[in-house]
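Fair warning: this is a prediction, and the values are worked out from it, not measured in the lab. Letters A, B, ... mirror the listed sequences (proteins, then strands); counts begin at 1.
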Protein chains: 2
Amino acid sequence: MLELHKQAEEMIRARGERATSARVHVLATLLAEQRAVAHHEIEERVRRKQKLDRVTLYRVLEWLQEKCLVHRVVSADRIWLFRANLDAHPHPHAHFECTRCTTVICLDDMKAEYDRQLPPGYRSHEIELRVKGLCAECT
Amino acid sequence: MLELHKQAEEMIRARGERATSARVHVLATLLAEQRAVAHHEIEERVRRKQKLDRVTLYRVLEWLQEKCLVHRVVSADRIWLFRANLDAHPHPHAHFECTRCTTVICLDDMKAEYDRQLPPGYRSHEIELRVKGLCAECT
DNA sequence: AGTTAAATGCAACTTTGTTGCAATACTACC
DNA sequence: GGTAGTATTGCAACAAAGTTGCATTTAACT
């Protein structure tokens with residue numbers, strides 16, 4: 001736990017940014033998870049240890065994302081889920097969503113190229129791939 | 001225009017369902033578009049000709065979807081976009097989203113299989129693929 | 001320790017979508 | 001063509017997710 005706080009703080013300072021209490025707690029919380037986590041869940045967890053405003057959390061998450069310390073993915077019910085980036089320069093990757101427990105995890109780097117022809121004049125520069133199914137616990 | 005209303009009404013009656021004014025207008029509006037359209041835009045268009053409550057529109061769209069007359073896809077800002085199904089039994093397909101004008105269109109049938117190994121115990125039964133880039137008009 | 005820009009908390013607001021219930025409209029039947 | 005009965009609609013109120021403006025506090029630098 002304390003380990004993760006240290007790690008979070010270092011990740012932020014390594015970028016030459018201000019390591020505020022809110023940022024460190026939020027990032028540490030995300031580092032503790034192997035999955036993508038929703039705003040309300042992060043809020044709940046951080047609040048056990050620290051006062052934290054809803055709005056501040058929105059701003060912290062936005063900031064962490066700008067700094068590439070975190071990335072986000074849309075959940076099945078169309079809210080953002082956040083996941084700490086272990087790698088400094090994260091590669092695009094696919095996500096897996098369990099249709100029963102709604103957990104979202106990151107899959108390996110995705111090399112899928114969209115091999116079909118796009119309509120004339122269209123250009124692609126990014127691909128989002130989401131695999132839905134049942135996770136190990138829900139199978 | 002009138003053509004589309006007739007077409008919409010026939011599509012609904014072909015399923016043995018009640019062709020109400022709201023359903024016909026909404027479906028005709030979607031049939032007129034070659035792209036996926038947001039709730040607020042449908043609302044605005046239908047209202048030029050017909051009184052229509054927000055809630056009714058939500059319910060009509062849900063109903064059209066259940067009857068497979070329409071399918072929906074999440075937009076970049078996480079709202080639902082709706083598109084009329086030309087085919088009675090629509091195949092899964094990919095979507096293209098223009099990052100400038102945010103227009104979403106449907107692409108050809110997607111045969112993309114996720115060829116990577118999932119974690120042990122995980123099973124996939126559906127894949128969602130979204131290509132982002134610039135459309136012909138924004139290039 | 002003091003200074004200062006950046007970050008935070010609070011209140012109010014917006015957008016998207018949902019629920020319950022009473023009023024209305026569509027269809028089938030006569 | 002009128003009517004009965006159920007499905008659909010409109011209204012009001014609500015809920016969740018996210019945003020904005022502004023005054024206050026805090027982190028980092030000297």
Side-chain angles (χ1 to χ4, degrees), chain A residues 5-6 8-29 36-47 49-67 69-70 72-82 102 104, chain B residues 5-6 8-29 36-47 49-67 69-70 72-82 102 104:
Chain A
H5 278 247
K6 270 188 192 162
E9 188 174 340
E10 271 165 33
M11 285 171 72
I12 294 167
R13 288 200 198 282
R15 282 186 174 46
E17 301 287 345
R18 294 170 64 162
T20 68
S21 173
R23 286 175 185 168
V24 172
H25 274 85
V26 172
L27 184 51
T29 301
V37 188
H39 179 279
H40 64 85
E41 200 177 339
I42 304 170
E43 191 182 358
E44 189 192 314
R45 294 196 178 205
V46 174
R47 274 193 176 157
K49 315 197 167 178
Q50 244 240 350
K51 179 184 181 180
L52 178 69
D53 191 69
R54 253 163 42 83
V55 177
T56 302
L57 178 51
Y58 277 114
R59 292 197 267 230
V60 164
L61 288 169
E62 193 185 1
W63 184 90
L64 287 170
Q65 203 194 330
E66 275 166 20
K67 302 300 171 190
L69 292 168
V70 145
R72 63 181 191 183
V73 54
V74 183
S75 86
D77 35 356
R78 301 185 328 287
I79 59 174
W80 290 119
L81 302 181
F82 296 85
T102 73
V104 174
Chain B
H5 278 245
K6 268 187 195 167
E9 188 174 338
E10 271 166 33
M11 284 170 73
I12 294 168
R13 289 199 197 283
R15 281 187 175 45
E17 299 289 343
R18 292 170 68 159
T20 68
S21 173
R23 287 176 185 167
V24 173
H25 274 86
V26 171
L27 184 51
T29 301
V37 188
H39 179 278
H40 64 84
E41 201 178 335
I42 303 170
E43 190 181 359
E44 190 194 312
R45 295 197 176 203
V46 174
R47 274 195 177 155
K49 314 199 167 177
Q50 245 242 349
K51 179 184 181 182
L52 178 69
D53 190 69
R54 253 165 41 81
V55 178
T56 301
L57 179 50
Y58 278 114
R59 292 197 267 229
V60 164
L61 288 169
E62 194 186 0
W63 185 90
L64 287 170
Q65 203 193 330
E66 274 165 20
K67 302 300 171 191
L69 293 167
V70 145
R72 62 181 193 184
V73 54
V74 182
S75 86
D77 35 356
R78 301 185 329 289
I79 59 173
W80 290 118
L81 302 181
F82 296 85
T102 74
V104 173

**OP:** For residues A:A19 and A:I12, report the shortest heavy-atom separation together with the two atoms involved.
**Re:** CA-CG2, 3.9 Å
Subject >> Rounded interatomic separation in angstrom, taking CD1 from B:I79 and C1' from D:dG18 >> reply: 14 Å
Original post:
Which is true for A:R54 with a 4.0 Å heavy-atom rule: it touches a base, it touches only sugar-phosphate, or it touches nothing?
Top reply: base
Original post:
At under 4.0 Å between heavy atoms, what does B:R59 touch on the DNA or RNA strands: base, sugar-phosphate, or nothing?
Top reply: base
Original post:
Distance-only, no hydrogens or angles: does the A:R23 side chain make a donor-acceptor pair with backbone N or O of A:R18 under 3.5 Å?
Top reply: yes
Original post:
Between A:K51 and D:dT25, is there a side-chain N or O to OP1/OP2 distance below 4.0 Å?
Top reply: no
**OP:** Starting from the 5' end of DNA chain D, give me the residue, A:V55 or B:S21, whose nearest nucleotide shows up first.
**Re:** B:S21
Subject >> Mutual orientation of the aromatic rings belonging to A:H5 and A:H25 [parallel < 30°, tilted 30-60°, perpendicular > 60°] >> reply: perpendicular
**OP:** Can you tell me the distance, in whole Å, between the CG atom of B:L64 and the P atom of D:dT8?
**Re:** 11 Å
Subject >> Between C:dA7 (P) and A:D53 (CG): distance, integer Å >> reply: 16 Å
**OP:** Grab the CG-P distance between B:L57 and D:dT9 for me, whole Å please.
**Re:** 10 Å
Original post:
Rounded to the Å, how far apart are B:Q50 CD and C:dC26 P?
Top reply: 9 Å
Original post:
Can you tell me how far CG of A:L27 sits from CD1 of A:I42, rounded to the nearest 0.5 angstrom?
Top reply: 10.5 Å
Subject >> salt_bridge(B:R45, B:E41) N-O dist < 4.0 Å >> reply: yes
Subject >> Where B:A8 and B:A28 come nearest, the two heavy atoms and their spacing >> reply: CB-N, 3.8 Å
Subject >> Nearest-Å distance for atom pair CD/P, residues A:E62 and C:dT8 >> reply: 12 Å
**OP:** Quick one: label B:R23 by what it contacts on the DNA or RNA (base, sugar-phosphate, nothing), any heavy atom closer than 4.0 Å.
**Re:** sugar-phosphate
**OP:** Using heavy atoms to find the nearest nucleotide of DNA chain D for A:T20 and A:W80 separately, return the residue whose nucleotide is more 5′.
**Re:** A:W80
Subject >> Terminal helix-axis angle for the helix from C:dA1-D:dT30 to C:dC30-D:dG1, with five pairs defining each axis and rounding to 10 degrees >> reply: 30°
**OP:** Find the distance A:L52:CG to D:dT25:C1' and express it as a whole number of Å.
**Re:** 15 Å
**OP:** Hey, which sits more toward the 5' end of DNA chain C by its nearest nucleotide, A:R78 or B:R13?
**Re:** A:R78
**OP:** Mark yes or no for whether B:R15, through its side chain, and B:K67, through its backbone, hold a donor-acceptor pair below 3.5 Å.
**Re:** yes
Subject >> Residues which pass side chain to side chain donor-acceptor pair (under 3.5 Å) with A:R47, listed by chain and number, not counting sequence neighbours >> reply: A:E43
**OP:** When you get a sec, tell me which of C:dT27, D:dA17, C:dC10 is the closest nucleotide to the side chain of B:A19?
**Re:** C:dT27
Original post:
How would you label the contact of A:T56 with the nucleic acid (heavy atoms, under 4.0 Å): base, sugar-phosphate, or nothing?
Top reply: base
**OP:** Starting at atom CZ of A:R18, determine the distance to atom P of D:dC29, rounded to an integer number of angstrom.
**Re:** 9 Å
Original post:
Which listed nucleotide (C:dG17, D:dA28, D:dT19) is nearest to the side chain of B:H39?
Top reply: C:dG17
